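In this text, all values refer to a predicted model and were calculated from it rather than measured experimentally. The figures that follow rest on heavy atoms only: side chains count, while hydrogens, waters and symmetry mates do not.
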Amino acid sequence: MELFTKTLFLCLALALANGAPTHHHDSAEAGVAHAALPDRCDGIEFDAVTLDENGVTFFFKGDHMWRGFRGPAHLSSESFHHISHVDAAFRMHNTEHPEDHDHIYFFVDDKVFKYYNHTLEDGYPKPIHEDFPGVPTHLDAAVECAEGECNTDLVLFFKGHDVHVFDVKAKTVKTKTWSHLPACTSVLHWLEGYYCFHGHNFTRFNPMTGVVTGAYPKDARKYFMSCPNFNHGGHYEVPKCSEVKLDAITTDDEGKTYLFAGHIYMRLDTHRDGFHAFPITRAWEQVTHGVDAVFSYSDKTYMIKDDQVYIYKAGVPHTLIEGYPKTLKEELGIEGHVDAAFVCPNHHTVHIVQKHKMLDVDLTATPRVVTQDLPLPLFDIDAGLCGPQGVQLFKGSHYYHYDSIILLAGSRIVPEAHNITSKMMGCQE
Ligand SMILES: *[C@@H]1O[C@H](CO)[C@@H](O)[C@H](O)[C@H]1NC(C)=O
Ligand SMILES: *[C@@H]1O[C@H](CO)[C@@H](O)[C@H](O)[C@H]1NC(C)=O
Ligand SMILES: *[C@@H]1O[C@H](CO)[C@@H](O)[C@H](O)[C@H]1NC(C)=O
């Protein structure tokens, strides 16, 4: 719980409907006044919004841009040489072509500019049709949709109400008209959402059908930027890596990895879009006082706090299974504070760590019984995770790696401690 207490003040806040977070910050920090600079809190219609290869979101308007969800405007050319005004921008997803993957494409009139590491690639700018045959010039917006979320790797180019859908592999274009959607001046794919920005509002849509579900438009200032008068509450302070302290970590059957610390959770598998903290109650409504340990088993998430076990069905929204929470004794046949709990992929045993011992509980037996009780060489760990690469035990700002659960169970020595890094968890180095 101490966790994210000191340090600075990214107060990411969280608004909660339909998955888009709010970001705002302390009024003490609120904008340094730059008379000549545009203020996005005035309600700006952006020309383009895109992520870069590090998961930072850039917002463009005229010759200016904003980096991330807070802070003042800068000249676009300071971050992207040769760029001033842009019509549209997107970050490519194309894992088969590393020379394109995660590169940013900017569109200006009839030209395309391609950047990686904020450096213009050789041969650019070039006419749009050389890279994207069949796509018109003078675009309004562009966004990529990778196979999985769309039927194949696509780039959607917006111009008025027309959407030119470019198939990345086949290099063909199909044009659709989505008259029901506002004319988007910029479009962002962020986490699992597709957001059409229009005026100071945005509308979330389905990238395959254009269908809008839920109450839109919403004001972008409440969700995508830090505006003093648009607070939605919720505070999160990004910890220094040396001060990180987890409560729990788990990977579910869909490969989603969640970290828990204090009242927040964070997805680690979506780090391409940056690390973003949300209140635990946003996803798991009934878990109001943080967690001690969390594990995933058979499409369910088991969340342990004190002597209570909450079991949620995996999949969004997370729904608490009827009759829960139950006591640890009732559900797992154990008592006492749980430091960490984890299940290895395709196994049916939960390993429960309490101080200096690890209890194995067979999840197929009713009632549950402890099948093994082993001493651990490490004690008072915070969280544990078991995956195809082995087991990681987290203690404060360090973690310990074991190649397998068998090696951990048989081990009497403490392996080398590794530091938790910014790359792993978005903390400050
Ligand atoms: C990124 O660009 C900077 C200079 O702008 C350079 O120092 C650095 O080596 C580059 N990184 C990569 C991975 O190319
Ligand atoms: C923004 O959306 C609100 C509804 O949420 C609407 O009343 C308002 O007219 C919209 N403003 C613009 C500029 O689109
Ligand atoms: C781990 O972090 C500490 C500071 O917190 C630093 O002194 C140490 O060198 C780091 N160790 C490694 C292996 O990077």
Side-chain angles (χ1 to χ4, degrees), residues 1 3-4 10 12-16 18-21 55 190-193 234 236-239 241 244-305 308-321 324-325 338-345 347 350-353 381-395 397 399 420-427:
M1 280 299 291
L3 200 178
F4 295 141
L10 214 190
L12 273 187
L14 329 252
L16 313 204
N18 302 300
W190 189 71
L191 297 176
E192 284 154 349
Y236 168 62
E237 299 163 352
V238 176
C241 291
V244 164
K245 187 167 167 54
L246 309 186
D247 290 330
I249 188 166
T250 192
T251 301
D252 72 13
D253 292 352
E254 291 175 30
K256 297 177 178 174
T257 299
Y258 298 93
L259 161 169
F260 300 84
H263 70 284
I264 65 101
Y265 78 90
M266 200 184 257
R267 282 271 297 275
L268 299 185
D269 54 298
T270 52
H271 64 273
R272 282 181 78 247
D273 294 358
F275 290 97
H276 301 278
F278 300 95
I280 294 173
T281 48
R282 171 186 186 253
W284 297 277
E285 198 188 325
Q286 294 79 5
V287 181
T288 51
H289 293 91
V291 295
D292 295 331
V294 176
F295 65 93
S296 304
Y297 175 67
S298 167
D299 287 323
K300 294 186 191 70
T301 307
Y302 291 63
M303 309 181 76
I304 301 172
K305 176 64 182 171
Q308 302 286 302
V309 183
Y310 297 77
I311 305 183
Y312 285 85
K313 282 186 201 128
V316 177
H318 302 275
T319 39
L320 185 64
I321 291 178
Y324 287 85
V338 174
D339 292 327
F342 52 92
V343 175
C344 296
H347 285 219
V350 57
H351 306 284
I352 297 198
V353 180
I381 68 156
D382 298 323
L385 189 65
C386 184
Q389 265 71 38
V391 182
Q392 285 177 332
L393 298 182
F394 296 85
K395 181 169 175 172
S397 61
Y399 69 95
I420 289 175
T421 62
S422 150
K423 230 185 163 118
M424 291 168 73
M425 299 188 179
C427 47

Visitor: Do you know which two heavy atoms are closest between L268 and F275, and how far apart they sit?
Guide: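 Result for this residue pair: CD2-CE2, 3.8 Å.
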
Visitor: How close do C386 and V391 get, counting heavy atoms only, and between which atoms?
Guide: SG-CG2, 3.9 Å

Visitor: Just verifying a value: how many Å separate H271 NE2 and K423 NZ, rounded to the nearest 0.5 Å?
Guide: 8.0 Å

Visitor: Evaluate side-chain contact (heavy atoms from CB on, under 4.5 Å) for I311 paired with Y302, printing each intermediate quantity in order.
Guide: CA-CA 5 Å; I311 305 183; Y302 291 63; 3.3 Å; yes

Visitor: Could you work out, with salt bridge (charged side-chain N to carboxylate O under 4.0 Å, His left out) as the rule, every residue matching D339, not counting sequence neighbours?
Guide: none

Visitor: Table please: side-chain donor-acceptor pairs of residues 290-300 below 3.5 Å, with sequence neighbours left out.
Guide:
residue : atom : partner : partner atom : Å
D292    : OD2  : D306    : N            : 2.7
S296    : OG   : T250    : OG1          : 2.7
S296    : OG   : T251    : O            : 3.4
Y297    : OH   : H348    : ND1          : 2.8

Visitor: Go through the structure and list residues passing salt bridge (charged side-chain N to carboxylate O under 4.0 Å, His left out) with E285, not counting sequence neighbours.
Guide: none

Visitor: Taking only residues two or more places apart in sequence, or in another chain, which ones meet H318 in a side-chain contact (heavy atoms from CB on, under 4.5 Å)?
Guide: Y258, A283, W284, Y312, V316

Visitor: Treating D273 as the side-chain partner and L191 as the backbone partner, does any N or O pair qualify as donor plus acceptor under 3.5 Å?
Guide: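 Confirmed, D273 side chain pairs with L191 backbone.
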
Visitor: Within the 4.5 Å heavy-atom criterion, are Y324 and Q286 side-chain neighbours or not?
Guide: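 Of all side-chain heavy-atom pairs linking Q286 with Y324, none is under 4.5 Å.
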
Visitor: Carefully, step by step, assess E192 and R267 under the rule side-chain contact (heavy atoms from CB on, under 4.5 Å).
Guide: CA-CA 12 Å; E192 284 154 349; R267 282 271 297 275; 3.5 Å; yes

Visitor: Can you list everything that forms a salt bridge (charged side-chain N to carboxylate O under 4.0 Å, His left out) with K256? Sequence neighbours excluded, please.
Guide: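 Partners of K256 by the salt bridge (charged side-chain N to carboxylate O under 4.0 Å, His left out) criterion, ordered by chain and then number, come out as E254.
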
Visitor: What's the spacing between K395 NZ and K245 NZ if we round to 0.5 Å?
Guide: 8.5 Å

Visitor: Between atom CG of L246 and atom CD1 of I381, what is the distance when rounded to the nearest 0.5 Å?
Guide: 10.5 Å

Visitor: What heavy-atom pair brings P345 and P388 nearest, and what distance separates the two atoms?
Guide: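 Scanning both residues, the minimum pair turns out to be CG-N, 4.0 Å.
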
Visitor: How long is the span from the OG1 atom in T270 to the NE2 atom in H276, to the nearest 0.5 Å?
Guide: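 Interatomic distance, T270 OG1 to H276 NE2, rounded to 0.5 Å: 7.0 Å.
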
Visitor: Starting from the C-alpha separation in whole Å, work towards a yes-or-no answer on side-chain contact (heavy atoms from CB on, under 4.5 Å) for M425 and I249.
Guide: CA-CA 11 Å; M425 299 188 179; I249 188 166; 4.3 Å; yes

Visitor: To the nearest 0.5 Å, what is the distance between OG1 on T301 and CG on D253?
Guide: 8.5 Å

Visitor: If you look at every heavy atom in Y310 and P325, which pair is closest and at what distance?
Guide: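 Looks like CE2-CG, 3.6 Å.
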
Visitor: Roughly how far, to the nearest 0.5 Å, is CD1 of I280 from OG1 of T288?
Guide: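 Atom-to-atom, T288:OG1 and I280:CD1 are 9.5 Å apart.
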
Visitor: Please list, chain by chain and in numerical order, all residues satisfying side-chain contact (heavy atoms from CB on, under 4.5 Å) with C241, sequence neighbours excluded.
Guide: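 Partners of C241 by the side-chain contact (heavy atoms from CB on, under 4.5 Å) criterion, ordered by chain and then number, come out as S422, C427, E429.
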
